[in-house]
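Since the structure comes first, as structure tokens, the remarks are kept for the end.
Numbering of ligands and ligand atoms starts at 1, following listing order. None of these values were measured; they are calculated from a predicted model. In this chain, numbering begins with 1 at the start of the sequence shown.
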Amino acid sequence: MTDTAERCRLVILISGRGSNMQAIVDTVRENKLNAQICAVISNKKDAAGLEWAQQRGIKTHVVEHKHYPDREAFDNDLARVIDAYQPDYVLLAGFMRILTAGFVERYARRLINIHPSLLPLFPGLNTHQLAIDSGMQWHGCTVHFVTSVLDSGPILAQGVVPILAGDTAQALSERLLDKEHQVFSQVVRWLAEDRISLDDSNVVRVRDIASRAFV
Ligand code: GRF
């Protein structure tokens, strides 16, 4: 096998600005990780992250969910585009679509999401406001393997930021975003170095990782 064939193959799915995707791409390239960003795929054609990726020579695709009659038809086409790259992992980096159980099953142990809360707290939308309203003093992000239960699944890593007096959801989301970039990039480094994985019993297995908590 050539070096290239052995590299960890990544496909990244986005829906918007793609700042997490950018952080991952920069981390892979600047640190010469044993990983390859095979493609960036968006369900929205005006996603800002697409242009950023193109400018860096990364293949991009648009699979617009609005052109499909139902989730299954969309997911099938999305899977067709993804599978052409034979990825080791599919990273959901701000991909704002709920995926069908069939899709999740197809990529079992290979599908990874970042969610802007300390799961299992606050699955779904509006996480920043919910954290403020609950009186929490910490907010966080979670990188996790995807299962058919929304924003659930075995946790790879988490990061926290303080909630400050007078915080708005906007201010808090901006503070958390930096932490998201740090946590997701570190997880990608572990994947590239084959130091973290999900075993057949859905238990996260690690090698030489002392902590998966980022403060
Ligand atoms: C991030 O906050 C992510 O956690 C959430 O959507 C946002 C996407 O941001 N799922 P970006 O597109 O990576 O900049």
Side-chain angles (χ1 to χ4, degrees), residues 10-30 35 37 39-56 58 60-65 78 89-99 103-104 107 111-132 136 138-163 167-189 191 212-215:
L10 305 174
V11 166
I12 306 180
L13 272 52
I14 64 170
S15 294
R17 79 192 145 183
S19 70
N20 277 286
M21 175 272 294
Q22 294 177 23
I24 291 166
V25 169
D26 286 345
T27 298
V28 166
R29 292 187 168 184
E30 284 162 17
I37 312 295
V40 171
I41 304 172
S42 172
N43 64 314
K44 291 192 175 174
K45 69 171 186 304
D46 57 355
L50 286 172
E51 199 184 329
W52 187 94
Q54 280 158 13
Q55 285 168 353
R56 281 151 188 83
I58 298 169
T60 63
H61 296 269
V62 176
V63 184
E64 280 194 293
H65 62 275
L78 183 61
Y89 293 99
V90 178
L91 308 179
L92 307 180
F95 185 69
M96 304 304 282
R97 293 294 299 169
I98 292 174
L99 296 159
F103 184 96
V104 171
Y107 299 106
L111 192 57
I112 292 172
N113 181 47
I114 184 157
H115 181 74
S117 84
L118 273 180
L119 291 172
L121 291 174
F122 314 130
L125 299 173
N126 252 331
T127 57
H128 313 298
Q129 193 61 53
L130 288 168
I132 293 169
M136 295 271 299
W138 295 94
H139 188 35
C141 60
T142 304
V143 175
H144 65 97
F145 285 102
V146 176
T147 61
S148 54
V149 182
L150 181 68
D151 296 330
S152 176
I155 291 171
L156 290 127
Q158 289 185 311
V160 291
V161 294
I163 296 178
D167 250 350
T168 60
Q170 178 65 24
L172 182 53
S173 72
E174 284 166 15
R175 189 175 313 121
L176 183 61
L177 198 60
D178 279 344
K179 189 61 69 179
E180 292 187 33
H181 298 163
Q182 183 193 353
V183 176
F184 215 166
S185 295
Q186 183 59 58
V187 166
V188 167
R189 181 187 280 267
L191 294 171
R212 292 184 275 137
F214 295 82
V215 184

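- Looking only at atom types and distance, the side chain of S117 has no donor-acceptor partner in the side chain of T127 under 3.5 Å away.
- Contact detail for L50 and K44: the closest heavy-atom pair is CD1-O, 3.7 Å.
- H139 is linked by a ring pair (Phe, Tyr, Trp, His ring centres under 6.0 Å) to H128, counting only residues two or more places apart in sequence or in another chain.
- Minimum interatomic distance between A169 and I132 (heavy atoms only, all atoms of both residues): N-CD1, 3.7 Å.
- Contact between L130 and L125 at its shortest, heavy atoms only, is CD1-O, 3.6 Å.
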Short N or O separations between ligand 1 and the protein, below 3.5 Å:
| from | atom 1 | to | atom 2 | distance (Å) |
| --- | --- | --- | --- | --- |
| ligand 1 | 2 (O) | E180 | OE1 | 3.1 |
| ligand 1 | 2 (O) | E180 | OE2 | 2.9 |
| ligand 1 | 4 (O) | E180 | OE1 | 2.7 |
| ligand 1 | 4 (O) | E180 | OE2 | 3.4 |
| ligand 1 | 9 (O) | R17 | NH2 | 3.3 |
| ligand 1 | 12 (O) | G18 | N | 2.9 |
| ligand 1 | 13 (O) | S19 | N | 3.3 |
| ligand 1 | 13 (O) | N20 | N | 2.9 |
| ligand 1 | 13 (O) | N20 | ND2 | 2.9 |
| ligand 1 | 14 (O) | R17 | NE | 2.5 |
| ligand 1 | 14 (O) | S19 | N | 2.8 |
| ligand 1 | 14 (O) | S19 | OG | 2.5 |

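- In this model, a donor atom of one side chain and an acceptor atom of the other lie less than 3.5 Å apart for Q170 and E174.
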